[in-house]
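Chain A is the first sequence line, chain B the second, and so forth, proteins listed ahead of strands; every chain is numbered from 1. Fair warning: this is a prediction, and the values are worked out from it, not measured in the lab.
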Amino acid sequence: VDFAFSTLGKMIRIGLQPDAVTVSTLIKGLCSIGNNGMAVQLLKKMEAGDCKPDLVAYTTVINNLCKNRLVTEAFDLFSEMLGKGIRPSIVTYNTLLRGLCQVGKPEAAVQLLKKMEEGDCKPDVVTYSTIINSLCKDRLVTEAFDLVSEMLGKGVRPNLVTYTTLMGGLCQTGRPKAALELFREICSGGQLPDLITYSTLLDGLCEHGHLDEALTLFKEMQDNDVNLNVVIYTIIIDGMCNAGKLHDARELFSSLFVNKLWPDVRTYTVMINGLCNEGLLHEAYELFRKMERDGCLPDGRIYNAIIRGFIRNEDRSRVMELVDEMVERGFHAD
RNA sequence: GUUCGAUAGAGGUCCCAU
């Protein structure tokens, strides 16, 4: 992002004015590094200058305010945008809708939805999927399916994201088999699942004690030449560990490297946790050290996981060593 | 006409919630 801004400086110095796309891209960059304040500042600066922010620039900042749960601020900016005579798009509405859902304001979300239905930004598949996701997160899966009927009635077809969201809702409410049925149904209708669909299902199956079914699906993916990613592996490794199949988990973990997929800190956490739970503290510790040598940086959560293992094993000196180390690195023990 | 800047779905220790 720094480089992007220095390039912008260069552009301006040689007499090139950035356009709206350039500035929106920079705003998105600021947001992606978590610098919301700068993003808002840049927007304000543009408002005062020649290159006025457009709909996309506003929506980008509104989105990032929402993502940071600053929904009130997002609506303030939205009003400001309307005041400048910029008409919101469906994306702006969907963004605000998600923000409202995320901070648990369903009544406000419904109100906004009504406004969309009455205006010229009719709800689209993203709108419905956003609400369906919110309902599923609140475990209101029946209501989520009702909304599917409603969207169909309005001529909006659910897509893979919608279905994956519903599968997640079914899994979360303890019905991974129903999720699997829905999966089969959409597949037989010609829908190609993606990795998020698979990982949602695999996690749900593992979570509810159906490692066998998960492994069947996992094999099916390989038979169908699906390109696996590290998330898929992590889910299966975790499922194996939780089912007491540590040997299989270890083997699958090793196969990651063979397949040129690099475990990330979550994969290591799952594997280390599995080792700790079987009392293999030495192996867990070795893996923890190897992780960093292999270029994967630890975070606070993996420290907590391994420390917990040593606490259960009453290895006071290791606990002290690791707690000191994590604090020194700016993480806090939970 | 198309593409290039904005919106929805997946994985980790413990705690909390249920």
Are any of the side-chain nitrogens in Arg318(A) or Glu321(A) under 4.0 Å away from the carboxylate oxygens of its partner? yes

In whole angstrom, what separates Met291(A)'s CE from G12(B)'s P? 17 Å

Under 4.0 Å, heavy atoms only, any strand: does Val265(A) hit a base, just the sugar-phosphate, or nothing? base

Listing, residues 6-14 of chain A side-chain donor-acceptor contacts under 3.5 Å, not counting sequence neighbours, or none:
unit_1	atom_1	unit_2	atom_2	d
Ser6(A)	OG	Phe3(A)	O	3.0
Thr7(A)	OG1	Phe3(A)	O	2.8

Is the number of heavy atoms from other residues, nucleotides or ligands within 6.0 Å of CD (Glu325(A)) greater than 12? yes

Within this structure, what is the CG-to-P distance between Leu65(A) and U7(B), rounded to whole angstrom? 14 Å

Check the distance between U13(B)'s C1' and Leu281(A)'s CG and give it to me in whole angstrom. 14 Å

Can you identify which nucleotide, out of U13(B), A6(B), G12(B), has its nearest atom closest to the Asp334(A) side chain? U13(B)

Donor-acceptor under 3.5 Å (Asp19(A) side chain, Val21(A) main chain): yes

Asp54(A) has a side chain; which of A6(B), G11(B), G5(B) sits nearest to it? G5(B)

Gap between atoms CG and P, on Leu202(A) and G12(B) respectively (whole Å): 13 Å

Show me the donor-acceptor pairs, under 3.5 Å and distance only, between side chains in residues 110-122 of chain A and residues at least two apart or in other chains.
unit_1	atom_1	unit_2	atom_2	d
Glu117(A)	OE2	Lys154(A)	NZ	3.2
Lys122(A)	NZ	Glu117(A)	O	2.5
Lys122(A)	NZ	Gly119(A)	O	2.8

Just checking, Lys290(A) and Phe257(A): is the charged tip under 6.0 Å from the six-membered ring centre and within 45° of the axis? yes

Considering every strand and a 4.0 Å limit on heavy-atom distances, what is the contact class for Thr60(A): base, sugar-phosphate, or nothing? sugar-phosphate

Touch check for Thr95(A), heavy atoms < 4.0 angstrom, all strands: base, sugar-phosphate only, or nothing? sugar-phosphate

Between atom CG in Leu252(A) and atom C1' in G12(B), what is the gap in whole Å? 15 Å

What is the distance from CG of Asn313(A) to C1' of U13(B), rounded to the nearest Å? 16 Å

In whole angstrom, what separates Met326(A)'s CE from C14(B)'s P? 14 Å

Would you indicate, yes or no, if A6(B) has its OP1 or OP2 atom less than 4.0 angstrom from a side-chain nitrogen or oxygen of Lys28(A)? yes

Can you find a donor-acceptor pair, distance only, under 3.5 Å between Asp264(A) side chain and G12(B) base? no

note: Leu96(A), atom CG; U7(B), atom P; distance rounded to Å ~ 13 Å

Under 4.0 Å, heavy atoms only, any strand: does Thr267(A) hit a base, just the sugar-phosphate, or nothing? base

Pairs under 3.5 angstrom, nitrogen or oxygen only, protein versus nucleotides 8-10 of chain B, please.
unit_1	atom_1	unit_2	atom_2	d
A8(B)	OP1	Lys67(A)	NZ	2.9
A8(B)	O4'	Thr130(A)	OG1	3.4
A8(B)	N1	Asn159(A)	ND2	2.9
A8(B)	N3	Ser129(A)	OG	3.3
G9(B)	O4'	Thr165(A)	OG1	3.3
G9(B)	N1	Asp194(A)	OD2	2.8
G9(B)	N2	Thr164(A)	OG1	3.0
G9(B)	N2	Asp194(A)	OD1	2.8
G9(B)	N2	Asp194(A)	OD2	3.3
G9(B)	N2	Thr197(A)	OG1	3.1
A10(B)	O4'	Thr200(A)	OG1	3.4
A10(B)	N1	Asn229(A)	ND2	3.2
A10(B)	N3	Ser199(A)	OG	2.4

Test item: Arg312(A) and Cys276(A) side chains (from C-beta on) under 4.5 Å apart, heavy atoms: yes

